[in-house]
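Here the structure is laid out as structure tokens; the discussion comes afterwards.
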Amino acid sequence: MKKIIVIFFITMSLFSLSCSNASKGKENSIVINMGAEPRTIDPSLNSLNVVSAMLFHTFESLTKLGPDGKVTAGMAESWDISEDGRVYTFHLRTNALWSDGKLVTAHDFEYGWKRVVNPDVAAQYASLLEIIKNAKEINAGTMDYNELAVKALDDYTFQVELVDPAAYFLEFMTTVAVFSPIRKDIIEQYGDDWTLSPETYVCNGPYQMTERVMDQYIIFEARTNYYNTEETVAKKLTFLSMADPNTAIAGIRGGTIHFSALEPPSSEIAKLKDENYIVLRDGVGTFYLSLNITNDALKDKRVRQALSLAIDRNYIVSNVTMGGQAPAQGFVPPTIDGISNSYRAEAGILIDTDNYTANVEKAKALMAEAGYANGAGFPVFEIRVSPGLHIIVAEAIQQMWKSNLNIDVTLKNDEYPLVLQYLVERNFDMGSMAWNADYRDPMTMLEIMLTGNSFNYGLYSNPNYDALVNNAKKTADASVRMGYMIDAEKILIDDMPFIPLYHRSFTLMVNPKLKGVVYNALGKHKFNYCYIE
């Protein structure tokens with residue numbers, strides 16, 4: 001009964017929003033569902049891909065993605081790069097204002113970036129700043145966070161010194177919200193509560209918050225004092241907090257939702273396609289099972305390999321997800337480039353997805369070697385899952401492991417932010433996760449499994465793997481660098497500290513009347529240019 005009441009309440013809220021939109025000019029008022037209520041909309045603290053997509057409408061870094069999806073000038077009008085590729089000097093525009101009318105300055109960037117690595121803030125994405133000089137030492141606790149190599153040379157000149165050249169740096173800033181500027185005076189006055197109301201949520205992007213109802217919606221409206229108001233065709237963006245894909249489907253069909261990033265149940269995809277409500281787009285990321293390898297049974301590499309071998313990935317993408325996903329033949333997805341081809345083509349197949357019968361026999365032999373012949377004595381593990389694809393894929397895996405290895409697992413279903421919290425706290429056996437690339441380079445996938453990385457939930461550590469990834473970070477020669485990363489991924493897949501399942505594609509539910517969406521392979525879709533036809 002409780003679930004029915006919640007769905008009814010949300011549906012009535014959507015009806016009210018729709019009526020309000022109609023009275024205010026629905027043609028440029030867009031209703032978007034990006035999933036469950038975000039844990040935070042603080043750019044320094046957020047680590048969720050879908051929330052970053054929301055935040056890039058209210059915050060803008062030095063660079064941004066233009067209407068063609070390519071990197072263009074943001075808060076910085078221009079920049080200089082040193083000959084060795086390590087020092088970037090950004091020249092900020094002088095006509096950029098915060099939503100409260102104050103000027104955006106280089107000092108706001110210096111404060112915002114240093115805030116991310118401040119240990120008192122405990123930002124989960126602090127590791128992503130380790131491309132900047134001193135960030136790694138700061139995160140390790142051996143250096144003060146004020147030593148981060150970023151500096152406001154004056155009000156409109158901001159300098160950044162990298163550890164090593166990083167060709168993806170300019171794109172990186174457009175896709176990760178931690179590179180946003182933050183107002184020091186706002187944080188000092190309101191603390192962690194600054195994101196909770198329109199009056200305190202001071203931002204520098206094309207939109208500003210005008211209303212927030214927790215667990216229901218957040219409304220952003222176009223700013224009249226943004227430096228380029230021509231970029232805000234959509235005058236109002238309503239981001240719903242909705243975790244149930246079936247409720248989202250009802251909203252899409254009823255016209256009260258225009259865009260939903262929630263993956264629809266596979267059973268609904270064919271019908272939604274026929275109704276012209278599905279848009280398929282390539283993604284850059286991988287769904288996987290995170291394993292807590294501190295658990296006794298999962299400490300054994302043979303067990304981890306067996307669990308992976310006993311999963312039929314082709315069946316999953318063909319009969320379970322059915323949204324254009326590719327079976328994982330490694331961790332790095334095929335949509336990431338290598339030197340002259342896709343990375344996956346150059347690195348080769350590391351997970352055999354085409355010989356499932358033979359894989360199962362290998363899995364049985366490995367389990368027997370590990371002391372669990374025919375599943376005897378194997379503990380009952382719990383997989384933490386969230387609604388949508390995560391749970392239906394986990395149900396398929398549950399059946400495969402029972403049928404092939406005679407082992408049992410239980411499923412614990414919670415909303416994704418809660419599942420993520422369990423993994424962060426190491427309160428899990430296995431967890432259904434997805435890693436979406438932050439930039440289109442293999443490093444965005446490989447670095448999260450480094451020893452001590454905040455996204456290395458299972459506490460995997462291999463010095464040989466670490467050495468190869470770190471060598472790749474320090475190497476300017478593209479071919480040598482790629483070789484390091486290819487060798488590192490081979491170690492990773494052999495150790496199998498997690499189980500790659502399939503590669504990301506986006507099965508988006510979109511009202512056909514919605515026009516102007518700038519789709520992004522990293523999931524950072526932009527709605528500035530949207531309108532209802």
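These numbers come from a predicted model, not from an experiment. Each residue takes its place number in the sequence, starting with 1.
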field: Chi angles and distances behind the ring-ring contact (aromatic ring centres under 6.0 Å, His included) call for F169, W79
entry: CA-CA 12 Å; F169 180 55; W79 48 86; over 10 Å; no
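- Remark: E77 engages R93 in a salt bridge, criterion side-chain N to carboxylate O under 4.0 Å.
- Residue D466 comes nearest to T451 through the heavy atom pair OD2-OG1, 2.5 Å, listed as atom of the first residue, atom of the second, then distance.
- Across all non-hydrogen atoms, the minimal contact from M443 to A472 is CE-CB, 3.7 Å.
- Ring-centre distance between F56 and F179: not below the 6.0 Å cut-off.
- Note that CD of E60 is 11.0 Å distant from OG1 of T174, once rounded to the nearest 0.5 Å.
- Taken from CG in L501 to CG in L289, the straight-line distance is 4.5 Å, to the nearest 0.5 Å.
- We find that R344 and E489 are joined by a salt bridge, their nearest charged nitrogen and carboxylate oxygen being less than 4.0 Å apart.
- Cation-pi geometry between R384 and F428 is not satisfied (NZ or CZ under 6.0 Å from the ring centre, within 45° of the ring normal).
- Q208 and S99 share no donor-acceptor pair across their side chains, judged by distance under 3.5 Å alone.
- Distance check, rounded to the nearest 0.5 Å: OG1 of T444 to CD of E171 gives 9.5 Å.
- Checking Y207, F527, F239 one by one against F220, the ring-ring contact (aromatic ring centres under 6.0 Å, His included) holds for a single residue, F239.
- Looking only at distances, no side-chain donor or acceptor of D312 sits under 3.5 Å from a matching main-chain atom of Y356.
- With rounding to the nearest 0.5 angstrom, the CG atom of L153 is 5.0 Å from the CD atom of Q159.
- Judged by distance alone, the side chain of T63 and the main-chain N or O of L170 form a donor-acceptor pair under 3.5 Å.
- The pair E231-K64 meets the salt-bridge criterion, since a charged nitrogen lies less than 4.0 angstrom from a carboxylate oxygen.
- A donor and an acceptor atom, one from each side chain of D84 and S82, are located under 3.5 Å apart.
- By the 4.0 Å N-to-carboxylate-O rule, D164 lies too far from R481 to be salt-bridged with it.
- Atom CD of residue E110 and atom CZ of residue R115 lie 15.0 Å apart, to the nearest 0.5 angstrom.
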Side-chain atoms of residues 328-340: list all donor-acceptor pairs with protein atoms under 3.5 Å, sequence neighbours left out, distances to 0.1 Å.
| from | atom 1 | to | atom 2 | distance (Å) |
| --- | --- | --- | --- | --- |
| Q329 | NE2 | T353 | OG1 | 3.1 |
| T335 | OG1 | G283 | O | 2.8 |

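- Remark: side-chain polar atoms of E346 are paired, donor with acceptor, to backbone N or O of N341 under 3.5 angstrom.
- Looking at every heavy atom in both residues, C530 comes nearest to K526 through SG-O, 4.4 Å.
- Counting only distance, with no hydrogens or angles, the side chain of D494 and the backbone of K490 share no donor-acceptor pair below 3.5 Å.
- Of the options F90, Y88, Y439, a side-chain contact (heavy atoms from CB on, under 4.5 Å) to M173 is made by F90 and by none of the others.
- For the pair V163 and K136, the minimum side-chain heavy-atom distance is 4.5 Å or more.
- Here the shortest heavy-atom pairing between M496 and L291 reads O-CD1, 3.9 Å.
- Surrounding NZ of K515 are more than 12 heavy atoms belonging to other residues, nucleotides or ligands, all under 6.0 Å away.
- Aromatic ring orientation, W98 versus F59: perpendicular (interplanar angle above 60°, classes split at 30° and 60°).
- Nearest heavy-atom pair across N520 and L65 is ND2-CD1, 3.4 Å.
- The 12-atom threshold is not exceeded at CG of D282, counting heavy atoms of other residues, nucleotides or ligands nearer than 6.0 Å.
- Using a 4.5 Å heavy-atom cutoff, the side chains of V385 and V393 are not in contact.
- Between L148 and N134 the shortest heavy-atom distance is CA-CB, 4.4 Å.
- Checked against ring-ring contact (aromatic ring centres under 6.0 Å, His included), W435 has the following partners two or more places apart in sequence or in another chain: F455.
- Considering CG of N49 and OG1 of T175, their distance stands at 9.0 Å, rounded to 0.5 Å.
- The local environment of NZ in K133 is sparse, with at most 12 non-hydrogen atoms from other residues, nucleotides or ligands closer than 6.0 Å.
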task: Using the side chain to side chain donor-acceptor pair (under 3.5 Å) rule, take R313 and S308 through it: C-alpha gap first, then chi angles, then the decisive distance, then the call.
output: CA-CA 9 Å; R313 293 166 174 82; S308 176; 2.8 Å; yes
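- For the pair D495 and R304, the salt-bridge criterion is not met [side-chain N within less than 4.0 Å of a carboxylate O].
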